[in-house]
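Ligands are counted one by one from 1 in listed order, and the atoms in each one are counted from 1 as well.
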Amino acid sequence: MGNRVPLIAGNWKMNKTVKESVELVSVLKQKLTDVKNREILVCPSYISLYAVKEALKNTNIKVGAQNMYFEKSGAFTGEISPLMLKDINCDYVIIGHSERRQYFGETDESVNKKMKVAFESGIIPIVCVGETLQQREKNETFLIIEKQIKIGVAGLSGEQMKKLVIAYEPVWAIGTGKTATPQQAEEIHAFIRKLYSELYGKDAAEDIRILYGGSVKPDNISEIMKQPNIDGGLIGGAALKADDFIKLVNY
Ligand code: 13P
């Protein structure tokens, strides 16, 4: 089995002003200094990224963006370049979150381009996959996940294969209070690892971390984390409250 350090990541989505963001991480950095054997990540909005990164300098808490564009510079009004993220020492970037797929036209093809450019720029991508309720009810879950993985994470080389992070977030479990059961999640995580092994070999598949996301809370995280193929959480709502996030990290 690969040596997978659990990654507990907060996706703040479109919440918190710069001031509120800095306040939240000021509490987190005090309360989470002694955490061992966990990687901790917060993903604020673009506008708070720089201030949050500065506030977390020399701490054990990493910082990620929630999206980026796949070009490095140019006439793309309103977009953010991977080089800008790298310039402020952003560690991770979330790619292809279901909300971006649903509301902003993100596709498996654009996910793939963004993933590659993130790696080229020295930022670790967290590629999100997951089925909708309709797709699950039509028994299309495995088909959808297979397509999202085969197109979305194609074309990785060398060390990239081992560093990629994948997040499985069933769309029906996001923000709904309905978590996938740990067994439901494990089934998909094991399937993703098997697909990854077909693409990149067993060693890479054993090394990558696959996070679960969708209504993860302090009272359900430990059951979720007991599953052999679940290597962390991508947490929305509960990551916005210092107390909850601290509990989640210390599950
Ligand atoms: P919730 O934890 O609010 O369900 O959000 C999950 C999510 O989308 C994280 O990216």
Side-chain angles (χ1 to χ4, degrees), residues 6-16 20-21 24 28 38-46 48-49 52 61-68 90-104 106 111 114-115 118 123-133 135-136 141 144-145 148-149 152-153 164-182 184-186 188-189 192 209-225 227 230-251:
L7 172 58
I8 304 298
N11 172 12
W12 295 1
K13 309 193 178 183
M14 197 174 72
N15 294 292
K16 297 202 182 285
E20 289 164 350
S21 302
L24 175 53
L28 297 181
R38 300 268 196 283
E39 199 175 351
I40 311 166
L41 173 67
V42 292
C43 303
S45 73
Y46 284 139
S48 298
L49 266 180
V52 164
I61 305 178
K62 295 187 176 156
V63 175
Q66 299 173 15
N67 180 36
M68 55 164 234
C90 193
D91 307 284
Y92 286 88
V93 59
I94 299 172
I95 305 279
H97 189 280
S98 66
E99 287 148 20
R100 297 223 57 88
R101 294 176 189 255
Q102 208 177 337
Y103 307 127
F104 304 102
E106 194 83 72
V111 166
K114 289 180 177 188
M115 179 198 72
I123 305 166
I124 300 176
I126 300 175
V127 171
C128 301
V129 299
E131 81 286 3
T132 63
L133 183 60
Q135 289 163 339
R136 178 163 280 262
T141 301
I144 292 293
I145 302 288
Q148 289 173 336
I149 293 288
V153 308
L164 180 72
V165 178
I166 295 174
Y168 169 58
E169 300 202 310
V171 178
W172 48 272
I174 295 175
T176 57
K178 265 192 226 166
T179 336
T181 64
Q184 267 175 329
E186 170 61 20
I188 306 297
H189 281 236
I192 293 172
R209 287 172 299 179
I210 308 175
L211 314 183
Y212 171 76
S215 298
V216 178
K217 307 285 177 215
D219 62 3
N220 61 22
I221 189 165
S222 51
E223 280 308 307
I224 293 169
M225 290 304 296
Q227 304 302 314
I230 301 184
D231 311 306
L234 184 56
I235 298 141
L240 296 171
K241 290 173 238 143
D243 288 355
D244 281 355
F245 193 67
I246 291 161
K247 284 185 201 152
L248 286 161
V249 170
N250 289 307
Y251 70 85

Query raised in the report: How does A167 reach ligand 1, if at all, at less than 4.0 Å between non-hydrogen atoms: by side chain, backbone, both, or neither?
Result: neither
Query raised in the report: At a 4.0 Å threshold, what atoms of ligand 1 neighbour a non-hydrogen atom of N11?
Result: 9 (C), 10 (O)
Query raised in the report: Does ligand 1 have an atom that lies less than 4.0 angstrom from a heavy atom of G213?
Result: no
Query raised in the report: What distance do K247 atom NZ and I8 atom CD1 have between them, rounded to the nearest 0.5 Å?
Result: 15.0 Å
Report summary line: Output for pair (I94 CD1, E99 CD), nearest 0.5 Å, gives 9.5 Å
**Report entry** atom 3 (O) of ligand 1 [closest protein heavy-atom partner, distance rounded to 0.1 Å]
**Finding:** G237 N, 2.8 Å
Report summary line: For G214, the ligand 1 atoms with a heavy-atom partner under 4.0 Å come out as 4 (O), 6 (C)
Requested in this report: Hey, could you give me the CD/NE2 distance between Q102 and H97, rounded to the nearest 0.5 Å?
Outcome: 10.0 Å
Requested in this report: Starting from atom 7 (C) of ligand 1, locate the nearest protein heavy atom and write down its residue, its atom name and how far away it is, to 0.1 Å.
Outcome: E169 OE2, 3.2 Å
Report task. Determine, considering heavy atoms only, which of A173, A238, G236, A239 sits nearest to atom 2 (O) of ligand 1. Result -> G236
Query raised in the report: So do I123 and D91 actually touch side chain to side chain, heavy atoms under 4.5 Å?
Result: no
Query raised in the report: Under 4.0 Å from ligand 1, counting heavy atoms only, is it the side chain of I174, its backbone, both or neither?
Result: both
Query raised in the report: Which ligand 1 atoms are under 4.0 Å away from a heavy-atom of L234?
Result: 9 (C), 10 (O)
Query raised in the report: If you measure from CH2 on W12 to OG on S45, what distance do you get to the nearest 0.5 Å?
Result: 8.5 Å
Query raised in the report: Do we see a donor-acceptor contact under 3.5 Å between the side chains of W172 and E131?
Result: yes
**Report entry** For N220 against K217, the heavy-atom pair lying closest together
**Finding:** OD1-N, 2.7 Å
Query raised in the report: Of the protein's non-hydrogen atoms, which lies at the shortest distance from atom 5 (O) of ligand 1, and what is that distance?
Result: K13 NZ, 3.3 Å
